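Side-chain atoms are counted along with the backbone in the values below, which use heavy atoms only and exclude waters and symmetry mates. Proteins come first, then strands; the chains are lettered A, B, ... in the order of their sequence lines, and each starts at number 1. Since the model is a prediction, treat every value here as computed from it, not as a measurement.
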Number of protein chains: 2
Amino acid sequence: MEISKREEEYLEAMYILHKNKGIIRVKDIARRLKVKPPSVVDALKKLSEKGLIQYEKYDRILLTDEGKEIAEKVYSKHKLLMNFFIEILGIPPDIAEEDACQFEHHIHDITAQRMREFAKYIQEQCPYVIKQFIKEHIEKRKSEDSSKIEEVGNEH
Amino acid sequence: MEISKREEEYLEAMYILHKNKGIIRVKDIARRLKVKPPSVVDALKKLSEKGLIQYEKYDRILLTDEGKEIAEKVYSKHKLLMNFFIEILGIPPDIAEEDACQFEHHIHDITAQRMREFAKYIQEQCPYVIKQFIKEHIEKRKSEDSSKIEEVGNEH
DNA sequence: TAAATTCTTTAGGCTAAACTAATTTTGGTG
DNA sequence: CACCAAAATTAGTTTAGCCTAAAGAATTTA
């Protein structure tokens with residue numbers, strides 16, 4: 001069964017909503033993905049047909065095990081990319097977030113895994129060099145910025 | 001004027017064809033992007049309307065200055081990503097190529113620039129650590145592999 | 001140079017993913 | 001418990017990007 005990038009995004013959004021507030025609502029998915037509610041409903045129907053979510057109209061929305069598995073895979077790539085961009089490259093969190101949101105759907109497992117290993121390796125082998133690199137490239141960075149890595153944009 | 005990711009890919013393909021063989025043909029664009037010729041013609045018309053290429057039917061195809069500028073921007077990101085994936089992370093060239101082809105259209109300029117700086121910095125500050133990381137993660141890598149960074153897939 | 005082959009283009013159609021406007025359902029409140 | 005506002009859904013369009021089949025142009029070759 002084919003699953004598009006966009007469908008992955010819907011699944012990820014639902015996964016995060018479920019994790020954050022327990023309940024998944026059309027309105028909230030729409031806000032996250034910056035689309036209108038009718039577009040969400042279309043997507044829900046397709047995902048439901050594919051067995052990735054459990055959905056009856058006007059009823060609560062839930063990810064199936066299969067849907068959850070896909071969402072988790074995407075989401076773990078998201079977190080790893082955020083970590084790499086912020087802790088290794090020193091990219092501002094809002095930029096990192098946008099890049100991560102795109103890359104997570106395209107990146108090969110090998111590349112993702114290697115980035116994870118690289119971050120670990122380099123931080124163990126030469127933490128000072130990394131620290132220095134970050135320092136040289138970050139003008140102003142608030143102390144709580146790095147907390148953004150775990151956070152998942154509770155929408156404003 | 002809005003320019004889509006896909007349009008960027010068309011421009012980049014044409015730029016590379018022009019660079020490699022001087023002449024840009026529908027058939028070759030189609031092969032590069034893995035689409036059929038009619039799809040290419042559709043794209044050419046749109047790009048022409050946007051002033052990014054010079055195109056009259058059955059006539060030669062050329063990038064305009066504006067089109068070339070966009071293509072070069074994308075292509076330079078492609079090369080930088082290839083370098084990063086291969087030389088820093090030790091990703092196999094064929095995988096690196098696929099990831100680069102996706103990322104090049106999404107990555108922020110800041111992130112791209114930072115990756116470039118990071119690669120330079122780390123290779124100067126602790127080349128041995130990088131070498132060691134690569135060594136530990138590469139099983140079999142043919143000696144000519146790294147030449148792939150400059151090459152641009154003269155299609156098989 | 002005429003025929004054959006290859007390349008390009010047109011015509012017509014399909015799908016994914018989005019939108020607006022209008023309708024239906026739900027859930028909270030007086 | 002009836003009403004109302006908010007949320008969800010349906011219906012009907014639009015657009016980008018792709019396709020196949022068929023026609024038209026250009027190039028190669030006998």
Undergrad: Could you tell me whether the side chain of B:Val129 reaches within less than 4.5 Å of the side chain of A:Ile122, counting heavy atoms only?
TA: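 Side-chain contact under 4.5 Å: yes.
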Undergrad: In whole Å, I'd like the distance from the CZ atom of B:Arg25 to the C1' atom of C:dT6.
TA: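 After rounding, the reported distance stands at 10 Å.
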Undergrad: Specify the separation, in whole Å, of atom CD1 of B:Ile23 and atom P of C:dC7.
TA: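 Rounded to the whole Å, the gap is 12 Å.
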Undergrad: Over how many whole Å does the gap from B:Ile29 atom CD1 to C:dT8 atom C1' extend?
TA: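 My rounded result for the distance is 11 Å.
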Undergrad: Does a distance-only test, which skips hydrogens and angles, find a donor-acceptor pair under 3.5 Å between the side chain of B:Tyr58 and the base of C:dT9?
TA: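 No such pair is found, so the answer is no.
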Undergrad: Using 4.0 Å as the upper bound for N to carboxylate O, is an ion pair formed by B:Glu9 and B:Arg6?
TA: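 Yes, this pair counts.
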Undergrad: Looking at B:Glu49 and B:Lys46, does any basic side-chain N land under 4.0 Å from a carboxylate oxygen?
TA: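 Judged by the 4.0 Å cut-off on N to carboxylate O distance, B:Glu49 and B:Lys46 do not form a salt bridge.
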Undergrad: Is any side-chain N of the basic residue among B:Lys120 and B:Glu117 closer than 4.0 Å to the acidic one's carboxylate O?
TA: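 Answer for the salt bridge query: no.
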Undergrad: Rounded to whole Å, how long is the line connecting atom NZ of A:Lys36 with atom P of C:dA21?
TA: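 After rounding, the reported distance stands at 11 Å.
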Undergrad: From the options C:dA21, C:dT9, C:dA18, select the nucleotide whose nearest atom is closest to the side chain of B:Lys57.
TA: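 Closest of the options to the side chain of B:Lys57: C:dT9.
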Undergrad: Contact boundaries of DNA chain D with chain A (under 4.0 Å, heavy atoms), 5' to 3'?
TA: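 Endpoints of the contacted stretch of DNA chain D: D:dA7 to D:dT10.
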Undergrad: Which residues within residues 2-10 of chain B lie with some heavy atom under 4.0 Å of an atom in DNA chain C?
TA: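 Within residues 2-10 of chain B, no residue comes under 4.0 Å of DNA chain C.
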Undergrad: Find the distance A:Leu47:CG to C:dA16:C1' and express it as a whole number of Å.
TA: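 Nearest whole value for this atom pair: 12 Å.
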Undergrad: Before accepting this row, confirm whether a basic side-chain N of the pair B:Arg31/B:Asp28 lies closer than 4.0 Å to the acidic partner's carboxylate O.
TA: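 Between B:Asp28 and B:Arg31 there is a salt bridge, with a charged N closer than 4.0 Å to a carboxylate O.
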Undergrad: Salt bridge or not between A:Lys73 and A:Asp109? Use side-chain N to carboxylate O under 4.0 Å.
TA: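 No.
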Undergrad: Check the phosphate of C:dT10 against B:Lys45, side-chain N and O only, distance under 4.0 Å to OP1 or OP2. Yes or no?
TA: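 Affirmative; the distance criterion is met.
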Undergrad: Any carboxylate oxygen within less than 4.0 angstrom of a Lys/Arg side-chain nitrogen, looking at B:Glu12 and B:Arg32?
TA: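 Looking at B:Glu12 and B:Arg32, the cut-off is not met.
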Undergrad: Test ring-ring contact (aromatic ring centres under 6.0 Å, His included) on B:Phe118 and A:Phe84; report intermediate values, then the result.
TA: CA-CA 12 Å; B:Phe118 181 85; A:Phe84 192 88; 7.0 Å; no
Undergrad: Taking for each residue the nucleotide of DNA chain C with the nearest heavy atom, is it B:Val41 or A:Leu33 whose nucleotide lies nearer the 5' end?
TA: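 Closer to the 5' end of DNA chain C: B:Val41.
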Undergrad: Run B:Val26 and B:Ile61 through side chain to side chain contact (heavy atoms under 4.5 Å, CB included) and show every step you take.
TA: CA-CA 9 Å; B:Val26 171; B:Ile61 302 162; 4.2 Å; yes
Undergrad: Rounded to the nearest angstrom, tell me the gap between atom NZ in A:Lys46 and atom P in C:dT15.
TA: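 My rounded result for the distance is 10 Å.
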